[in-house]
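Working notes, beginning with the structure itself.
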Amino acid sequence: VALTDHASLYGALNEHAINRVAQLLEQERPSLFNYATKAVIAQPSLLCQALNTNPEVAKRNNPMITEKQALPVLGTNGLYFLDYGFQLSIIQIDFAPGSSIALPPELSPLQPQCLAAHIGVSGGVACPSSDVIQQLVPVADLKVPTVIPTSQLSCFSVDAFIVLGAELSGTPPNEMVNVHFDGFKLLGFVAPGLEAILECYVNVVMQLAVLPRLKTLIRTAFQFPLQSLPLRFDLTFTPISSNVPFNPAVEDDQVKVYLDAQVVKI
Amino acid sequence: MSDITVSISHAIINGIFTGVVDTFKFEHADPHAASLGPVTLGYDVAFHFRNDTAVQPTLDLRDDGSIFLHNLKILWDKLELTVGIDIPTIQIGAFCLIPIPFDGCLVPFPGITLFDANPDISFTLALDQLITSELSVDAAFGVSHISNPNRLPTDSDWDAHDNKRGNHWELSVVAPVVHVDPFHVADIVADLFKKAIQDSIDSILNGLGVPGFIRDLIDKILGGIEHLIRVVLNIGDNIVQWLENALNGPVNLLDFIATFVTDFLLRNPIPIVEDPLPILEDKSGKPNPLIPIMIPIVGLQASVTAAELVLEGSVG
């Protein structure tokens, strides 16, 4: 059986490739994974986890950390702020059938045509000591917004597990890849209530913000020029059929894509 | 197990081939390609392959891993055959055309030496519409990693990419064996050939102002155009056959085409992917653009079946 029996082109990536790409992404585009306030960026040793970046990032003056606004202290009329930082790291991605991630019971077993991601989340807030608080100017006397000085962050870390799937809908050229969010679980919080609230929040963000945006970002019809030749591929996803029941297909520890192609002279 | 698999169907491979086959251009000239007794042949040719015929050029994939390119019909953009002919020298001594009886010669003929150059006549036949041929190629695909010789030892992968001196993987045609079918020459070429010789001889004689009876004499010496071609030039009865034999043999035009096509195939690999492969390039145009993510590709290999070309490799 040929891989292209029912499509013009077939492509597959296995978990090792995806995990290695994720690792390179973290090292070469660290600003996607590290977020902190200005003071923490100026002193990255404050971060809860050491930065692991490719030397080229610094050489090219690329940002290591994405700057975020400091955390306002409630009740200070926006005059006092706390520094903080949080970091993500993709520990592992696992394509169905699940094999390399020990999923929490709520998400286990990994369903067919799904992928799981284990993401490490660590963060810290610059909690001032009593001595520092004593020395702060009273809010009533404060004229300008002030970030409370810090010498360290109080850190926490949790493990996040996400289960995602994708399916093709529509017919060419109006196909869409719908990414669906099949589960999210945080491990590492002491307070189950807080854990549930955060899981709920992430779920809402994913459903209302991330997935709709992903839907518009994932193209299903695209052109691919062939290097050095006066030709290009016009590509669309191969429609779902009994021969191609899933596209993309997440199976055999791989993500597989079937495409129909036209060779066009340019 | 490979990390990455890309499979391209035979239909797409063939589509790529037919899409570019008419862009291959070949040209060559050899003014002294062959010497066949008193006849010398040279050529000036340019050709490409046509993809506008009912039977299209085709690239077949085979289960044994080889590929077969066939129905490659040659369309001559130029096929000029220059023919040089060395006609045996004819000397006619001096004599008196109109004598004065018992008192000398009123009109003497000073004598003449004809056809003492080599070649004596030379003409060019434009045969681009009159010769057909096609070729086929047996070969295989191979994948190679190419280290860019311009890459500096101090280059990072990003420096090399920015300065277009990165390494890459390429797909090439391996061990091509080109078969060029013998040329077929249209019958009309015999008439053109004969007429060109006759016209060339007439032109020489007209230029010298040779009188008519001397022309008759020369014609008798040469035995007429048919005898000249058949016997004197040793071409035989069938000019077309002789020309086909010459083009397919001593002129080496077949060898030239085979060699040229082989060299072309060997020297024009198709780049597959830069190594490392840059993804997520920053096209914002802002200063200090974000560096692309560089994905090392290792162990890329190609395999062929009748149905598809499969490329497999891993992320390093």
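A note on names: the letters A, B, ... follow the listed sequences, proteins ahead of strands, and every chain is numbered from 1. Hydrogens, waters and symmetry mates play no part in the numbers below; they use all other heavy atoms, side chains included.
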So which part of [X] gets closer than 4.5 Å to some heavy atom of chain B, the side chain, the backbone, both or neither?
X: A/L231; value: side chain
X: A/V57; value: both
X: A/N54; value: side chain
X: A/K256; value: neither
X: A/L226; value: side chain
X: A/E15; value: neither

key: Derivation and outcome, side-chain contact (heavy atoms from CB on, under 4.5 Å), residues A/R60 and B/D162   = CA-CA 12 Å; A/R60 304 284 184 120; B/D162 289 348; 2.7 Å; yes
Counting only heavy atoms not in [X], do more than 12 fall under 6.0 Å of its [atom1]?
X: A/R219; atom1: CZ; answer: no
X: A/Q223; atom1: CD; answer: yes
X: B/K73; atom1: NZ; answer: yes
X: B/Q56; atom1: CD; answer: yes
X: A/F222; atom1: CZ; answer: yes
X: A/K38; atom1: NZ; answer: no

If you tally heavy-atom pairs under 4.5 Å against chain A, which of [options] wins?
options: B/I4, B/N288, B/L290; answer: B/L290
options: B/V20, B/I12, B/L311, B/V6; answer: B/I12
options: B/G19, B/S2, B/G15; answer: B/G19

ask   = Quick one: of A/V264, A/L259, A/V21, who has the most non-hydrogen atom pairs under 4.5 Å with chain B?
value =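 The candidate making the most pairs under 4.5 Å is A/V21.
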request  = Give a yes or no on whether the backbone of B/M294 and the side-chain of A/E28 come within a donor-acceptor separation of less than 3.5 Å.
outcome  =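 Side chain of A/E28 to backbone of B/M294: a pair is present.
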message = Would the distance check show the side chain of A/R20 and the main-chain N or O of B/I295 forming a donor-acceptor pair, the cut-off being under 3.5 Å?
response =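 Not at all, since once roles are kept as given, no pair shorter than 3.5 Å links the two residues.
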Looking at side-chain heavy atoms only, is the closest gap between [X] and [Y] below 4.5 Å?
X: A/H16; Y: B/S314; result: no
X: B/D22; Y: A/K265; result: yes
X: B/E308; Y: A/L3; result: yes

key: Chi angles and distances behind the side-chain contact (heavy atoms from CB on, under 4.5 Å) call for A/L25, B/L280   = CA-CA 9 Å; A/L25 187 65; B/L280 300 178; 3.6 Å; yes
inquiry  = For a quick test of reading the model, state the closest non-hydrogen atom pair linking B/D3 to A/A17 and the distance between them.
reply    =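 Closest heavy-atom pair between B/D3 and A/A17: CB-CB, 3.6 Å.
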inquiry  = For B/A307 versus A/A2, what's the shortest heavy-atom pair and its separation?
reply    =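 So the two residues come closest at CB-CB, 3.6 Å.
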task = Quick one: pull up OG1 in B/T5 and CG in A/L13 and give me the separation to the nearest 0.5 Å.
result =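 The distance works out to 8.5 Å.
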Inter-residue atom distance B/S7.OG - A/D5.CG, 0.5 Å rounding =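 One gets 9.0 Å once the value is rounded to the nearest 0.5 Å.
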request  = Tell me, for B/P289 versus chain A, whether the close heavy atoms (under 4.5 Å) come from the side chain, the backbone, both or neither.
outcome  =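 When you check distances to chain A, only backbone atoms of B/P289 fall under 4.5 Å.
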request  = Let me know if B/D159 has heavy atoms under 4.5 Å from chain A in its side chain, its backbone, both or neither.
outcome  =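 Its backbone and side chain both get close to chain A.
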task = Evaluate the side-chain contact (heavy atoms from CB on, under 4.5 Å) criterion for residues B/I8 and A/T4: first the C-alpha distance (whole Å), next the side-chain angles of each, then the deciding distance (0.1 Å), finally the verdict.
result = CA-CA 7 Å; B/I8 308 167; A/T4 53; 5.9 Å; no
task = Give the intermediate values and the outcome of salt bridge (Lys or Arg N to Asp or Glu O under 4.0 Å) for residues B/D282 and A/R29.
result = CA-CA 11 Å; B/D282 182 354; A/R29 195 66 60 88; over 6 Å; no
inquiry  = As a quick check of understanding, evaluate side-chain contact (heavy atoms from CB on, under 4.5 Å) for A/F233 and B/I16, giving each step before the final call.
reply    = CA-CA 9 Å; A/F233 282 147; B/I16 294 170; 3.7 Å; yes
